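In what follows, a single structure is set out as structure tokens and then discussed.
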Amino acid sequence: MKRKPRLRLVFRDCSRAGQCAYRLLDNKDRELKWVNEFLDYQHLRGLSPRSLRAYGFDLLHFARWWTRTDLARFNEARVLDYVRYQLEQEPKPTAQTINHRLTVLHCLYRFRYQRDIPSSARYIKHTYRTRSPLGYGRPGRAVAQFRVKQPRRVVVPLSSAQVAKFWRSFRTFRDLGLIALMLLDGLRSREVIELQLEDLHVSQTQLRVRGKGNKERLLPLPEDAITALQNYLRLERPLTDTPHLFVCLKGPSRGQAMTLAGLRSLFRHHRKSSHVPQANPHRLRHYLPFRIMSCDSGEP
């Protein structure tokens with residue numbers, strides 16, 4: 001029985017402007033050209049490194065299953081086989097993961113052959129009628145690709161008592177400022193970690209945030225966040241040459257930028273000390289009542 005080639009995704013900091021840093025290689029360090037050319041194309045389009053990394057791992061999963069040198073013999077029947085293969089894995093991937101892999105696969109096929117994946121004896125596309133988003137004109141014909149049904153995910157918010165209890169467990173101005181930005185401005189974990197000193201405009205009560213897809217937005221700085229951040233910068237932040245706003249305050253990493261692992265550790269510690277096990281960054285940034293209350297009263 002012929003053994004499948006061992007494939008891996010590697011990161012290579014390349015000086016070539018048009019080449020993606022993420023590369024798919026086999027066990028002899030040879031590149032998978034039909035995949036890496038697609039990653040280079042997405043890199044030229046301006047996709048963020050995180051998106052390119054996700055594309056790379058999706059295609060790594062597919063390439064380990066397909067084991068061929070190109071997609072010339074791929075069709076809709078193979079799509080069903082690939083989905084069935086994923087559903088038989090342990091642990092079974094989520095519907096969202098499967099659909100994301102299928103979307104990347106369809107994009108790859110269109111990039112290689114300038115057409116959609118061809119039909120087979122098992123026709124899995126379906127058509128439907130749709131109108132213009134503005135509601136005028138005749139309904140048009142649209143073709144939907146095969147997708148696994150995704151359950152609706154509902155974010156269960158924290159109660160006011162839970163938020164107040166979790167808030168009171170923080171002691172340093174750094175942590176209070178960090179939590180205030182997530183709670184009052186709705187920042188994501190990575191957005192908070194990647195903030196730099198130049199993004200903070202206290203005199204204008206504004207904060208510049210780089211979100212998904214490197215998109216920038218300006219957010220107002222609430223009074224509670226300003227107070228905590230000013231005290232952090234004046235009293236706690238060590239002298240360091242890092243441009244990041246939030247840095248480690250003690251230990252061997254003192255003065256270095258906070259990491260996502262450090263932020264997760266911070267949340268784990270305060271979930272335990274505050275006895276609010278449901279508190280996490282996602283629930284915190286979606287707690288709108290607390291944001292409204294802060295804007296109305298000026299108090300957390």
Side-chain angles (χ1 to χ4, degrees), residues 21 42-43 45-55 96 100 153 155 157-158 163 166-167 170 172-238 240-249 253 255-268 270-271 279-300:
Q42 299 300 336
H43 172 68
R45 284 184 58 218
L47 266 65
S48 69
R50 291 190 293 274
S51 297
L52 293 171
R53 181 177 180 271
Y55 277 37
Q96 183 180 7
H100 192 274
R153 295 191 299 175
V155 178
L158 300 173
V163 171
F166 187 66
W167 175 276
F170 291 91
T172 66
F173 290 116
R174 183 204 64 177
D175 296 345
L176 287 171
L178 187 148
I179 295 300
L181 292 178
M182 302 180 74
L183 189 62
L184 306 180
D185 273 339
L187 266 61
R188 301 177 177 88
S189 300
R190 189 174 290 275
E191 291 173 346
V192 169
I193 291 300
E194 293 182 352
L195 284 175
Q196 300 192 359
L197 289 170
E198 62 181 14
D199 297 327
L200 191 64
H201 306 290
V202 177
S203 60
Q204 304 172 20
T205 64
Q206 286 184 334
L207 181 71
R208 183 177 61 187
V209 180
R210 297 172 187 83
K212 291 184 177 180
N214 290 327
K215 295 178 181 177
E216 292 189 359
R217 65 186 189 275
L218 287 176
L219 297 176
L221 268 175
E223 184 177 347
D224 296 297
I226 292 176
T227 302
L229 290 171
Q230 285 181 327
N231 287 331
Y232 158 62
L233 294 174
R234 182 168 55 91
L235 302 174
E236 293 179 349
R237 190 176 189 272
T240 176
D241 57 357
T242 180
H244 288 82
L245 175 60
F246 293 109
V247 301
C248 299
L249 300 181
S253 300
Q256 299 180 17
M258 281 190 68
T259 62
L260 283 175
L263 183 62
R264 288 193 291 267
S265 176
L266 180 70
F267 267 81
R268 282 196 299 269
H270 285 277
R271 277 197 297 267
N280 59 48
H282 192 65
R283 284 199 176 111
L284 205 64
R285 69 178 292 264
H286 281 286
Y287 188 70
L288 183 60
F290 193 84
R291 234 175 287 166
I292 296 174
M293 183 177 65
S294 178
C295 293
D296 290 341
S297 63
E299 298 179 359

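All values derive from a computational prediction rather than experimental measurement. The residues of the chain are indexed from 1 along the displayed sequence.
Checking each of Leu207, Val202, Leu200 against Leu229 for a side-chain contact (heavy atoms from CB on, under 4.5 Å) leaves exactly one that passes, namely Leu200.
Taking the six-membered ring where the residue is Trp, Phe170 and Phe267 present perpendicular rings, their angle passing 60° and hence far from 30°.
Using modelled atom types, one side-chain atom of Glu236 and one backbone atom of Phe173 make a donor-acceptor pair closer than 3.5 Å. With Arg285 contributing its side chain and Gly186 its backbone, the two residues share a donor-acceptor pair below 3.5 Å. Within the 3.5 Å criterion, the main-chain N or O of Leu218 finds no donor-acceptor partner in the side chain of Arg208. In this structure, the side chain of Ser51 does not engage the main chain of Leu47 through any donor-acceptor pair within 3.5 Å. Checked by atom type and distance alone, the side chain of Asn280 pairs as donor or acceptor with a backbone atom of His282 at under 3.5 Å. Put simply, the side chain of Tyr232 never gets that close to the backbone of Leu178: no donor and acceptor are under 3.5 Å apart. Formation of a donor-acceptor pair under 3.5 Å by the Asp199 side chain with backbone atoms of Leu195 is not found in this model. In this structure a side-chain-to-backbone donor-acceptor pair under 3.5 Å is present from Arg174 to Val247. In terms of modelled atom types and a separation under 3.5 Å, the side chain of Thr259 and the main chain of Gly262 share a donor-acceptor contact. Of the possible polar contacts, none joining the Asp175 side chain to the Thr172 backbone as a donor-acceptor pair under 3.5 Å is found.
Closest approach of Ala257 and Thr242 over heavy atoms only: CB-OG1, 4.2 Å. Annotation for Asp185 and Pro222: closest pair OD2-CD, 3.7 Å, computed over non-hydrogen atoms.
For the pair Leu158/Arg283, a side-chain contact is recorded, criterion being any heavy-atom separation below 4.5 Å from C-beta on. Ser189 places a side-chain heavy atom less than 4.5 Å from the side chain of Met182. At least one side-chain heavy atom of Arg50 sits less than 4.5 Å from a side-chain heavy atom of Arg190. Put simply, the side chain of Leu221 reaches to within 4.5 Å of the side chain of Leu181, judged on heavy atoms. Looking at heavy atoms from C-beta onward, Pro243 lies out of side-chain contact with Leu197 at the 4.5 angstrom threshold. Side-chain contact between Pro238 and Leu249: present, with at least one pair of heavy atoms (C-beta onward) separated by less than 4.5 Å.
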Val192 vs Phe246, side chain to side chain contact (heavy atoms under 4.5 Å, CB included): CA-CA, chis, key distance, verdict: CA-CA 8 Å; Val192 169; Phe246 293 109; 3.9 Å; yes

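Atom CZ of Arg237 has more than 12 neighbouring heavy atoms from other residues, nucleotides or ligands inside a 6.0 Å radius.
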